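Computation of the quantities below employed the complete heavy-atom set of this structure, encompassing side-chain atoms and omitting hydrogens, waters and symmetry-equivalent molecules. Here the structure is a predicted model, which is why all the values come from computation and not from measurement.
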Amino acid sequence: MMLIPTHHFRDIERKPEYLQPEKCAPPPYPGPAGTMWFIRDGCGIACAIVTWFLVLYAEFVVLFVMLIPSRDYVYSIINGILFNLLAFLALASHCRAMLTDPGAVPKGNATKEFIESLQLKPGQVVYKCPKCCSIKPDRAHHCSVCKRCIRKMDHHCPWVNNCVGENNQKYFVLFTMYIALISLHALIMVGFHFLHCFEEDWTKCSYFSPPTTVILLILLCFEGLLFLIFTSVMFGTQVHSICTDETSIERLKRKQQPRERRGSWKAVKETFGGNCSPNWFNPFSGPYHPALRDEGWVRQVASSDNMETTTEEQLEEQSEEQSEERKDEDSVEIKNLRH
């Protein structure tokens, strides 16, 4: 998975005038509830297609090379049902992760009317994203691929052609878990099939010729081993992020931006949708996140003096970095994150 870095300078000020809200277009008319989310990114679309192709290839080899030709019908039925169930859950999780709004902030809501409606008080600040002209709530980051600010953004994953954020992290975790399970299951069946074919006549092990059968099984073995390691690592990383209530981006900025964390159990329940139940493993059951209220757009600082100091520092950094960032607006050097 590739971690897409985020923009690392932000406009901060208590006064609405500093945000230049007149340069922001009014928020677009919201679409109907349940409108499908889809990112038009060529690399992400290609990776998503490759993901489906690899799963379908594994389906083909498991069914038509190993299970259907087998004379042990009980073995074939049990493993066929189990593998197809896991594959269906993996692809369903992939679709939900790809087509679910990850928690995008309304684009262009940094308008004068919206800022004034927040009724900012001394010691309160609002953050504006200079790219999508949005007021950023706490823990939101800008994704240069989605071209939106995403709440609780962990990273942008090309394999699901979407950001992993507040609303779809559960589906991404389930996707990595089910892919790891079907990879492990396929490797076990390949091992048994090779043992069986060494003891029997190779011509009776498959409907294909022995050389073709061996090539198909080796490719499946290589694919299963690669994705078992890859998705297991991603699954462990995501579970750790949920339990510690810290995204990958926040982990990179931990020293510069210490923050108060919630209890790990509360974060787990919000991500997976309530108390522990079979719905945790159901890709058709959504997570639970309370609606963002007006106070969620506002952040508190210790004092107005601290606020002014922060503003001056960021304005100075902004002037130094603008020339460099214009060369490549869609990338940011993670090592330079200082906020």
Side-chain angles (χ1 to χ4, degrees), residues 4-41 99-156 162-169 247 249-250 253 257 259 270 286-301 304 307 310-311 314-315 318 322 325 329-330 332 339:
I4 300 296
T6 55
H7 210 281
H8 67 278
F9 72 85
R10 293 171 292 186
D11 298 336
I12 302 179
E13 182 58 56
R14 173 164 53 110
K15 300 177 181 179
E17 291 78 7
Y18 177 74
L19 294 174
Q20 298 179 327
E22 64 278 358
K23 295 185 178 180
C24 292
Y29 184 77
T35 300
M36 186 176 68
W37 173 275
F38 185 76
I39 302 300
R40 294 177 178 84
D41 175 57
L99 303 178
T100 298
D101 182 346
V105 176
K107 197 170 185 178
N109 68 346
T111 60
K112 183 176 182 180
E113 293 76 13
F114 181 73
I115 298 171
E116 290 177 347
S117 69
L118 299 177
Q119 299 180 349
L120 301 181
K121 301 176 182 179
Q124 291 183 333
V125 297
V126 289
Y127 288 62
K128 173 201 170 186
C129 176
K131 287 192 172 183
C132 60
C133 210
S134 300
I135 299 297
K136 297 171 67 173
D138 190 25
R139 307 185 70 181
H141 302 276
H142 185 87
C143 174
S144 58
V145 179
C146 298
K147 295 180 174 58
R148 298 286 291 275
C149 287
I150 308 297
R151 297 194 303 273
K152 201 178 173 182
M153 175 183 170
D154 187 87
H155 67 286
H156 184 94
N162 202 0
C163 275
V164 177
E166 183 177 77
N167 293 343
N168 68 343
Q169 189 173 28
T247 66
I249 295 175
E250 291 167 346
K253 301 196 271 186
Q257 289 186 341
R259 64 176 184 80
E270 285 188 1
Y288 169 74
H289 296 289
L292 186 66
R293 300 181 178 180
D294 285 350
E295 55 268 21
W297 303 96
V298 179
R299 311 189 198 185
Q300 192 73 28
V301 294
S304 58
M307 178 191 62
T310 305
T311 302
Q314 292 198 343
L315 285 174
Q318 176 177 341
Q322 270 182 340
E325 290 179 328
E329 291 186 353
D330 291 336
V332 178
H339 296 72

Atom of [X], atom of [Y] and distance for their closest heavy-atom approach:
| X | Y | answer |
| --- | --- | --- |
| His141 | Glu250 | NE2-CG, 4.4 Å |
| Ile150 | Gly165 | CG2-CA, 4.2 Å |
| Leu99 | Phe38 | CD2-CD1, 3.8 Å |

What I'd like to find out is whether the side chain of [X] reaches to under 4.5 Å of the side chain of [Y], using heavy atoms alone.
| X | Y | value |
| --- | --- | --- |
| Asn167 | Arg151 | yes |
| Lys147 | Lys131 | no |
| Pro287 | Glu270 | no |
| Asn162 | Cys146 | yes |

* To do: Report the C-alpha distance between Thr247 and Lys152 in whole Å, list the side-chain angles of each, state the deciding distance to 0.1 Å, and finish with yes or no for side-chain contact (heavy atoms from CB on, under 4.5 Å).
  => CA-CA 7 Å; Thr247 66; Lys152 201 178 173 182; 3.8 Å; yes

* Asked: When Cys143 is tested against each of Arg148, His155, His156 for side-chain contact (heavy atoms from CB on, under 4.5 Å), which residue passes?
  ->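 Only one option passes, and that is His156.
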
* Option passing side-chain contact (heavy atoms from CB on, under 4.5 Å) with Lys107 (candidates Cys132, Cys133, Cys129) ->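 For Lys107, the side-chain contact (heavy atoms from CB on, under 4.5 Å) test succeeds with only one of Cys132, Cys133, Cys129, which is Cys132.
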
* To do: Just do the side-chain contact (heavy atoms from CB on, under 4.5 Å) check on Arg139 and Ile249 with the steps written out, would you?
  => CA-CA 9 Å; Arg139 307 185 70 181; Ile249 295 175; over 6 Å; no

* Could you grab the distance from atom NZ of Lys136 to atom CG of Asn109, nearest 0.5 Å is fine? => 12.0 Å

